[in-house]
Every structure is written in structure tokens, then in C-alpha cells.
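Data block below; observations after.
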Amino acid sequence: MKIKVCGLRDADNLKEIAALGPDFVGFIFYDQSPRFVGEELDEAVVKALPRSIRKVGVFVNASPDYILRTVKKYDFQYVQLHGTETPEYCRSLRNRGINIIKAFRVDESFNFSMLNNFKAQCDFFLFDAKGDQPGGNGVTFDWNILNRYDNEKPFFISGGIGLDNLSQLDTLKGMKLYGVDVNSQVETAPGVKDVAKVKELINRVRPIEEEETV
Ligand SMILES: O=C(O)c1ccccc1NCC(=O)[C@H](O)[C@H](O)COP(=O)(O)O
């Protein structure tokens with residue numbers, strides 16, 4: 001199974017995490033987040049990451065121009081959208097060559113059928129928990145809700161995932177689960193990841209074969 005480590009910012013920490021070989025790394029471009037990269041993100045370090053590590057810019061209802069400029073600046077392969085972006089908005093970015101991970105915050109009332117309007121515009125869905133912030137809340141949602149998922153699009157699961165609840169991924173066997181997204185539960189401070197925790201997480205998640213899930 002794939003691993004995405006989200007909310008990186010510090011250059012040295014990014015290099016240490018990259019050395020562990022995650023599949024995706026994410027950078028937050030939402031100025032209300034404690035992980036907002038601001039001017040701190042070292043462009044050269046990001047660009048020097050191996051191509052095998054996919055770089056993701058995370059945005060919340062940002063202007064397409066800002067997204068395009070940022071993608072170009074850091075050479076991102078994906079953008080992850082955490083706001084109320086519409087299918088039309090996603091399509092306009094996709095038409096400009098951007099690969100999209102669309103995030104949705106899931107609870108009991110989540111309407112899975114509306115994903116049909118997004119599936120042609122997105123590469124992956126990401127299911128996150130609801131909280132005060134658009135992401136990075138550190139809380140889980142009831143993964144049983146995903147039994148109602150009836151789309152063919154592979155998805156990431158996220159929201160409060162850490163070493164303590166990883167074993168529960170077993171309950172998602174047979175689903176279109178593509179990867180796990182981790183963030184606040186593997187941090188020493190906002191935007192700084194705990195290298196030992198990420199290492200253990202990768203060692204535990206990676207052996208879960210994709211065929212078992214997707
Ligand atoms: O991490 C943030 O601060 C954040 C803020 C605004 C939008 C998205 C954000 N994070 C995106 C992610 O992909 C997180 O990994 C995801 O929300 C799960 O975070 P956590 O619950 O802390 O594991």
C-alpha cells in the first residue's frame with residue numbers, strides 16, 4: 001500500500017523523511033494551517049527529491065492562478081484540494097495538466113453518489129475526518145462508512161492515522177484503498193515529522209499488498 005506523508009516544511013526534516021522513501025509527500029499552502037509552508041519551503045530541496053516520491057501541494061479554495069504558480073515553482077506532480085472545490089473547478093485545473101487528489105470530509109451523512117461528478121476530473125479521492133479545520137485535525141472517522149463506497153476510483157484514507165490505529169486498516173480489505181495519508185500523529189511539532197515514527201509506519205504499511213485492497 002502507498003504512503004503519503006503530509007504537512008512537511010523544514011528542509012532537513014524533509015530530507016530525512018525522503019530518505020525513508022515514502023510514495024508521496026505533501027506541503028500545505030493554506031495560511032490558516034499551523035503547517036503552512038509560507039516562505040519556509042526550500043524550493044531547491046523540494047525539486048531535488050527523487051522522482052519516485054510524488055510531490056503534492058495541498059490547497060483550500062485557492063485561486064487557480066496561485067495553484068498553477070505554486071505547482072510550477074516546486075515542480076509538484078499533484079495538487080490535493082481540501083475545500084469546497086467543484087467538479088468544474090477540478091476540470092479547469094486538469095485541463096491545464098494538473099493531477100488532482102480531491103479530499104472529502106466524511107461522516108455518517110456523506111453522500112457518496114456525488115463523487116460521480118468528480119471521478120472524471122480526479123486521479124484519487126482522499127477521505128478525511130471532519131473537524132474544525134479543513135484538514136490536519138488529528139481525528140479519525142468511522143471507517144465502516146466506507147462500506148458504502150461504490151466508486152471505482154482508488155482512494156487514500158486519512159484523518160488521525162498513526163501507529164496506534166494502523167492495524168485497523170485490516171477492516172478495509174477488499175476496498176479500493178490505494179494509500180494511507182499521515183500527518184499530525186507522526187509529528188514532533190506542526191510541520192516537523194517524527195522520523196522514527198514515519199519509519200515504523202512505512203515498514204508496517206508498505207508490505208500490505210495493493211492487490212489486497214485495490
Ligand atoms: O494539515 C493541515 O494542517 C491541513 C490544513 C488544511 C488542509 C489540509 C491539511 N492537511 C491535509 C492532509 O492531507 C492531512 O494529512 C489530513 O488532513 C489528515 O491529517 P491528520 O488528521 O492530522 O492525520
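Counting starts at 1 for both ligands and their atoms, in listed order. This structure is a prediction, so every number in the text was calculated from the model and none was measured. Residue numbers start at 1 and run along the sequence shown.
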Nearest neighbour in protein (non-hydrogen) for atom 5 (C) of ligand 1: G135 O, 3.5 Å
For K4, atoms of ligand 1 separated by under 4.0 Å from a heavy atom: 13 (O)
Nearest-neighbour protein heavy atom for atom 2 (C) of ligand 1, which is reported as residue plus atom name and distance: R35 NH1, 3.3 Å
Measure the distance from atom 1 (O) of ligand 1 to every protein heavy atom, then report the residue, atom name and distance (to 0.1 Å) of the closest one. N183 ND2, 2.7 Å
Any N/O pair V58/ligand 1 closer than 3.5 Å: no
Report yes if P134 has an N/O atom closer than 3.5 Å to an N/O atom of ligand 1; otherwise report no. no
Just which atoms of ligand 1 are under 4.0 Å from any heavy atom in Q80? 11 (C), 12 (C), 13 (O)
For ligand 1, is there an atom lying under 4.0 Å from some heavy atom of Q185? no
Can you find an N or O of Y30 that's nearer than 3.5 Å to an N or O of ligand 1? no
Purely on distance, is any nitrogen or oxygen of S184 under 3.5 Å from one on ligand 1? yes
For ligand 1, which atoms sit closer than 4.0 Å to a heavy atom of S158? 16 (C), 18 (C)
Ignoring hydrogens and geometry beyond distance, is a side-chain donor-acceptor pair present between K4 and N183 at under 3.5 Å? no
Starting from atom 10 (N) of ligand 1, what is the nearest protein heavy atom, named by residue and atom, and what distance separates them? I28 CD1, 3.5 Å
